[in-house]
Each structure stands twice: as C-alpha cells, then as structure tokens.
Amino acid sequence: MGRDSRGDLILEAAQLYYFEGLTQAAIGQRLGCTRWTVGRLLDEARESGLVTITINHPKARTHELETKLMRTFKIRKAIIVPSAGRGGVEVARVAASFIADIRPRPSTVAVSWGRTLARVAQQLPLNWAPDVHVYQTNGGPTRSGSDSISKSLGVVADKGPGTGHTLPAPAIVGSPDLGYELRKEPVIAHTLDNASRADLTLFSPGSVTYDSVLVRSGYLRTSHIDAIRSAGAVGDILSHFVDANGDIVSRELDKRTIAVPLSALRQAKHSVAVIDTADKAPALLAAIRAELVATVITDSATANALLTLVN
C-alpha cells in the first residue's frame, strides 16, 4: 500500500467514523480490512493532526490548565474554576467541597484568616469533620470591615462540628522582644504548636497592597508597605512577608510577627492555598517555589497569570 493510498484510507476511515458514526467493525467491512486495522487508522488520524478533538465545556478548558500547572510546578494537585463574575464565590465553594472530601478526615486543621478564607468557611457543609480541632495560624485582625473575617475560624470549627482554638495575640507587635515573649506565653505557644503540626493547613497568600487586611487592621501603615515592597516582597503568607523565592524579606519584621513558621506548611499532610484574584499570583508563585503548598485552588485568570510569570 503506497503512501498516498494509506493517507486516503486514513481520511476515509476518519470520515466514516466521525461524520457518519459507523462502528470500527462496519468501517472495516466497508474498506475491506479488519476492525483492528481501522483502529490503527483512527489512531494515525489523531496523531497526525488530521483529526483533533475539542470538548466545548468550561471544565474541559480548566482541566487543561490544571494539567499544565501540575507539569510546570512542584505541586500535588491543582483545581481551577472558570473565571466569572462570581469567581470568588465559586472558588470558595470548590475549595470547601475539596476540604470536606479529604479522607481520612483531618483531626486537626490550621486556618489563616482573610477575606478569601472567610468565603470558604461560609461554604463548608455541616458535619464536614466531626470532632475536628481548628487552630488559628497567625494573630488576628483588630478591624477588617467584615465580621466574617474575624469569625471565620469559629465558623470552620462550628461546622465540623469541633473546637476552635483562637490565637489571642496581634498579628504584628511593636518589637522583636515583645514578639519573643508573646510566642512563649502558654496559651499562644499551645495554639502555635498545634497549628504547626496540623493535618491540614488552609491559607490564602496575600498581595503587598495598601488594601491588605494587615493595613486595614492597623498593623502596618502604607509607608510600611512601600518599605516592604522596596525590600523585594511580593506577598505575605500567614503574615510572613516573602520575596519571589518565598524567603523572608525582613527578619526584624518577622520577629515581630505572631504566626506559625513557614516550615510548618512543608510538614502538613495537606497544605492548601486558595486564591481568587490574579493580583495574588506573584505571592502564590513564591509559595510554590518555596514548596509551601501542595494543593492550589484558584480560578483560570489567576492560573494564567501564574503561568505568565514563568514564561
């Protein structure tokens, strides 16, 4: 069989299969060959590009992005929802579903606070992890403009149902010495220690902006944000400000920060980052580079922004 006749046979087999809907056995009878030969012809049609298959569904497009993220970065799992007007709510819903489906169910969970995780907390189903112990990872907000942010840890615990362990301390204090003394306080040390050893750590990297909850809570001023940016910060992770490689940008500021160490994220059985805005892509990339996150849950706009940063 010559090259031209082989090409004609591939084309005819593809047309009969995809346009006319014939079975491989019926095509074999039509062409005078076995069904196995027809199968090879159809394989060649796809491999040569003569036939391409497109699934016209938003989830199919995000699946391609998920695969690309897992191939590009050192992460265990990527879950991406299509970007839309309700992107933040949908990311939260999918994140809550993923967390509730983890098996075996986590007995200890460490949770950071913020607007994104407040939405995740609201989406968690009742009885998602009975008897769970939920620990706060970093000092809490003094004011945020939203009660849901400060109450999100309690919501996660109540829906378990389980027990919430708050961290009765500011996120950032006035001096390294005060930070050292506070971290030694028994109640604070107990919460930080258990949060550091939790089965599941749930967090959302933050961007270095004037609109940060850390700024709105009064821990930092806009001048501090300018200085942190000048030092190379691209985001904060559990209130630790990091550069593009996930390294701490200011040791002095970090000594004033009441939070679990970033190394705890590497040790968790499940380290899950939830991001619903593309401006947080640099912070997410820093967390990935430092191997602080195993599972990424985000939207397609953020996923594309993340890939753009390394291309």
Side-chain angles (χ1 to χ4, degrees), residues 58-59 61-62 65-66 68-69 72-73 75 77-99 111-124 137-138 141 144-150 152 156 171 201-217 219-220 222 225-226 228-229 232-244 246 265 271-290 292-311:
K59 185 58 185 174
R61 292 191 292 274
T62 59
L65 266 177
E66 290 169 354
K68 193 169 185 178
L69 284 187
T72 304
F73 303 110
I75 56 177
K77 189 173 184 60
I79 303 173
I80 301 172
V81 302
S83 297
R86 287 169 48 85
V89 174
E90 186 63 12
V91 169
R93 186 190 66 77
V94 171
S97 177
F98 171 81
I99 294 162
V111 179
S112 69
W113 50 267
R115 285 166 285 206
T116 300
L117 295 188
R119 287 190 285 270
V120 174
Q122 292 298 326
Q123 294 290 330
L124 276 172
T137 59
N138 44 328
S144 64
S146 171
D147 256 3
S148 64
I149 293 177
S150 56
S152 55
V156 173
T201 302
L202 181 64
F203 69 104
S204 181
S207 53
V208 190
T209 64
Y210 299 147
D211 190 45
S212 164
V213 177
L214 289 171
V215 174
R216 296 175 66 182
S217 288
Y219 294 126
L220 297 172
T222 56
I225 293 296
D226 292 334
I228 293 167
R229 284 177 180 164
V234 299
D236 85 88
I237 301 169
L238 309 183
S239 299
H240 300 282
F241 284 92
V242 298
D243 63 17
L265 292 170
S271 175
V272 180
V274 184
I275 310 93
D276 55 17
T277 57
D279 66 317
K280 293 183 178 181
L284 174 58
L285 179 57
I288 292 172
R289 283 173 170 165
L292 304 177
V293 55
T295 298
V296 171
I297 304 176
T298 189
D299 59 13
S300 55
T302 304
N304 281 313
L306 184 64
L307 291 166
T308 299
L309 290 173
V310 295
N311 290 333

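For V234 against A286, the heavy-atom pair with the smallest separation is CG2-CB, 3.9 Å. For A283 against I237, the heavy-atom pair with the smallest separation is O-CD1, 4.4 Å. Taking every heavy atom of both residues into account, T62 and P82 meet most closely at CG2-N, 3.7 Å. Considering all non-hydrogen atoms of both residues, A118 and S152 come closest at CA-CB, 3.8 Å. Here the closest non-hydrogen pair linking S271 and V293 is OG-CA, 3.6 Å.
Here the side chains of I228 and L220 are in contact, with some heavy-atom distance below 4.5 Å. Within the 4.5 Å cutoff, the side chain of Y210 has heavy atoms near those of the D226 side chain. Counting heavy atoms from C-beta on, the side chains of V81 and D276 never come closer than 4.5 Å. V89 has its side chain within reach of Q123: a pair of non-hydrogen atoms, C-beta onward, lies under 4.5 Å apart. Here the side chains of V296 and F73 are not in contact, with every heavy-atom distance at 4.5 Å or above. Residues R115 and V213 have side chains in contact (heavy-atom distance under 4.5 Å, counting atoms from C-beta outward).
Distance check, rounded to the nearest 0.5 Å: CD1 of I297 to CD1 of I99 gives 6.0 Å. Atom CG of residue N304 and atom CG of residue L69 lie 8.5 Å apart, to the nearest 0.5 angstrom. Rounded to the nearest 0.5 angstrom, L117 CG and L202 CG are separated by 4.5 Å. The distance from the CH2 atom of W113 to the OG atom of S239 is 5.5 Å, given to the nearest 0.5 Å. We find the OG1-CG distance between T201 and L238 to be 7.5 Å, quoted to the nearest 0.5 Å. Within the model, atoms CD1 of I275 and OG1 of T302 stand 7.0 Å from one another, a figure rounded to the nearest 0.5 Å.
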- prompt: Going through the checks in order, is the side chain to side chain contact (heavy atoms under 4.5 Å, CB included) test met by L214 and F241?
  reply: CA-CA 11 Å; L214 289 171; F241 284 92; 3.7 Å; yes
* side chain to side chain contact (heavy atoms under 4.5 Å, CB included) between V310 and R289, worked out -> CA-CA 11 Å; V310 295; R289 283 173 170 165; 4.0 Å; yes
(message) Evaluate T298 against K280 for side chain to side chain contact (heavy atoms under 4.5 Å, CB included), listing each step before the verdict.
(response) CA-CA 10 Å; T298 189; K280 293 183 178 181; over 6 Å; no
Q: Output, in order, the C-alpha distance, side-chain angles, deciding distance and verdict of side chain to side chain contact (heavy atoms under 4.5 Å, CB included) for V274 and V91.
A: CA-CA 8 Å; V274 184; V91 169; 3.6 Å; yes
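Side-chain atoms of S112 do not come within 3.5 Å of backbone N or O of T137 as any donor-acceptor pair.
A donor-acceptor contact under 3.5 angstrom links the side chains of S300 and S83, judged on distance only. In this model, no donor atom of one side chain and acceptor atom of the other lie less than 3.5 Å apart for T209 and D211. No donor-acceptor contact under 3.5 angstrom links the side chains of N311 and T308, judged on distance only.
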